[in-house]
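One structure is given here, and the rest of the page talks about it.
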Amino acid sequence: MLPISTVSTIIKTELFGDLISDFPPEHDSLELSFTPTSRPIKQRWRSNRLSAHFFADYFTNFLAVDENDPNQEQIIKESKSAVSYVANELLENAMKFNDDSSNYKVRFGIHLLNDADSVTAVIFASNSIKLEAEAKLRAVIEKILTLNTHEMYVHQVEKSTEETGSSGLGLLTMINDYSAKIGWKLETIQQESIFMAVTTMAQFKV
């Protein structure tokens, strides 16, 4: 593994979709970071789901509980399921497509934003990618932001048994099943070499 560089310069930053750059000063959040090269990727898959469930349990502690509501238990169950699914998808993608030759750690977090009658979960994952993967990523982003996501979802489900790689099916499921708003931040970074850091964010109300 390469030594951790103390010098990191952001050359360019681009934002796409619904991405929150600045959060309110007073809100609850939780963030973890991973060194992907510290363990084989197959071992990481086993811990990803555990991390996602941990985030879901953390999130439900902040939900308002109405003991007189007979649907409260079902609401909490559905909220935990949504947070767990989104968190697991984002973390798995970050681990799968991370450029292990860079020194960039995978970051993974959840922010909780409260309004009058609901809580919004904002989940993000950040990882590095090789510069040659940039064009494919941009194509996925453009399709999700400009095309009919329901039609894309149906199309990708039909193709899911025929191809591998980044189909965007997980992101489309977040949009169609959980009404999630998706955003991306692309940062070109200079350390020992130039690479791109990608932050993918999903926000949805529960």
Side-chain angles (χ1 to χ4, degrees), residues 8-34 48 51-64 75 78-98 104-129 134 137-147 149 152-153 166 168-189 195-206:
S8 179
T9 303
I10 299 176
I11 301 174
K12 182 173 66 172
T13 299
E14 297 175 87
L15 305 180
F16 301 90
D18 292 285
L19 188 131
I20 300 175
S21 298
D22 298 311
F23 287 91
E26 295 184 2
H27 76 288
D28 294 294
S29 63
L30 177 67
E31 184 174 321
L32 303 174
S33 64
F34 304 90
N48 287 347
S51 298
H53 287 323
F54 175 67
F55 270 33
D57 288 336
Y58 173 83
F59 173 78
T60 54
N61 286 327
F62 294 89
L63 293 177
I75 292 172
E78 291 175 356
S79 299
K80 287 183 66 174
S81 177
V83 171
S84 181
Y85 176 83
V86 173
N88 187 65
E89 282 293 321
L90 291 181
L91 182 56
E92 282 198 355
N93 283 343
M95 290 290 189
K96 180 179 180 180
F97 298 108
N98 188 65
Y104 196 80
K105 287 191 174 184
V106 171
R107 293 172 51 243
F108 177 51
I110 182 171
H111 294 263
L112 311 177
L113 304 180
N114 293 278
D115 57 30
D117 57 0
S118 65
V119 179
T120 297
V122 183
I123 305 174
F124 76 90
S126 298
N127 63 285
S128 61
I129 63 171
E134 178 182 350
L137 172 63
R138 288 182 182 275
V140 171
I141 292 174
E142 182 178 3
K143 287 181 179 179
I144 290 177
L145 294 181
T146 60
L147 300 181
T149 54
M152 288 178 62
Y153 174 79
S166 179
L169 181 58
L171 297 176
L172 292 170
T173 301
M174 296 177 204
I175 295 170
N176 287 282
D177 289 1
Y178 303 112
S179 300
K181 297 178 181 179
I182 309 296
W184 296 264
K185 177 167 67 174
L186 309 185
E187 297 175 294
T188 305
I189 298 178
F195 65 93
M196 176 167 284
V198 179
T199 297
T200 306
M201 178 180 290
Q203 49 181 305
F204 53 97
K205 291 183 179 295
V206 295

Could you tell me whether the side chain of [Y] reaches within less than 4.5 Å of the side chain of [X], counting heavy atoms only?
{"X": "F59", "Y": "L30", "result": "no"}
{"X": "F55", "Y": "L32", "result": "yes"}
{"X": "S51", "Y": "F108", "result": "yes"}
{"X": "V83", "Y": "Y58", "result": "no"}
{"X": "V198", "Y": "F97", "result": "no"}
{"X": "H27", "Y": "N114", "result": "no"}
{"X": "D57", "Y": "K80", "result": "yes"}

What's the separation between atom [atom1] in [X] and atom [atom2] in [Y], rounded to the nearest 0.5 Å?
{"X": "N61", "Y": "D28", "atom1": "CG", "atom2": "CG", "answer": "10.0 Å"}
{"X": "K205", "Y": "D115", "atom1": "NZ", "atom2": "CG", "answer": "4.0 Å"}
{"X": "I110", "Y": "E31", "atom1": "CD1", "atom2": "CD", "answer": "12.0 Å"}
{"X": "Q203", "Y": "I20", "atom1": "CD", "atom2": "CD1", "answer": "4.0 Å"}
{"X": "M196", "Y": "I11", "atom1": "CE", "atom2": "CD1", "answer": "10.0 Å"}
{"X": "L137", "Y": "T200", "atom1": "CG", "atom2": "OG1", "answer": "7.0 Å"}

List the atom pairs, with distances to 0.1 Å, where a side-chain N or O of residues 168-187 and a protein N or O form a donor-acceptor pair under 3.5 Å, not counting sequence neighbours.
{"unit_1": "T173", "atom_1": "OG1", "unit_2": "L169", "atom_2": "O", "d": "2.9"}
{"unit_1": "N176", "atom_1": "ND2", "unit_2": "T149", "atom_2": "O", "d": "3.3"}
{"unit_1": "N176", "atom_1": "ND2", "unit_2": "L172", "atom_2": "O", "d": "2.8"}

key: Greater than 12 external heavy atoms within 6.0 Å of E142's CD   = no

inquiry  = Testing N93, V106, L91 one by one against N127 for a side-chain contact (heavy atoms from CB on, under 4.5 Å), which residue passes?
reply    =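 The residue from N93, V106, L91 that satisfies side-chain contact (heavy atoms from CB on, under 4.5 Å) with N127 turns out to be V106.
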
Do you know which two heavy atoms are closest between [X] and [Y], and how far apart they sit?
{"X": "I123", "Y": "V86", "result": "CD1-CG1, 3.9 Å"}
{"X": "N98", "Y": "S128", "result": "OD1-N, 2.9 Å"}
{"X": "A52", "Y": "S84", "result": "CB-O, 3.5 Å"}
{"X": "P24", "Y": "L113", "result": "CD-CD2, 3.8 Å"}

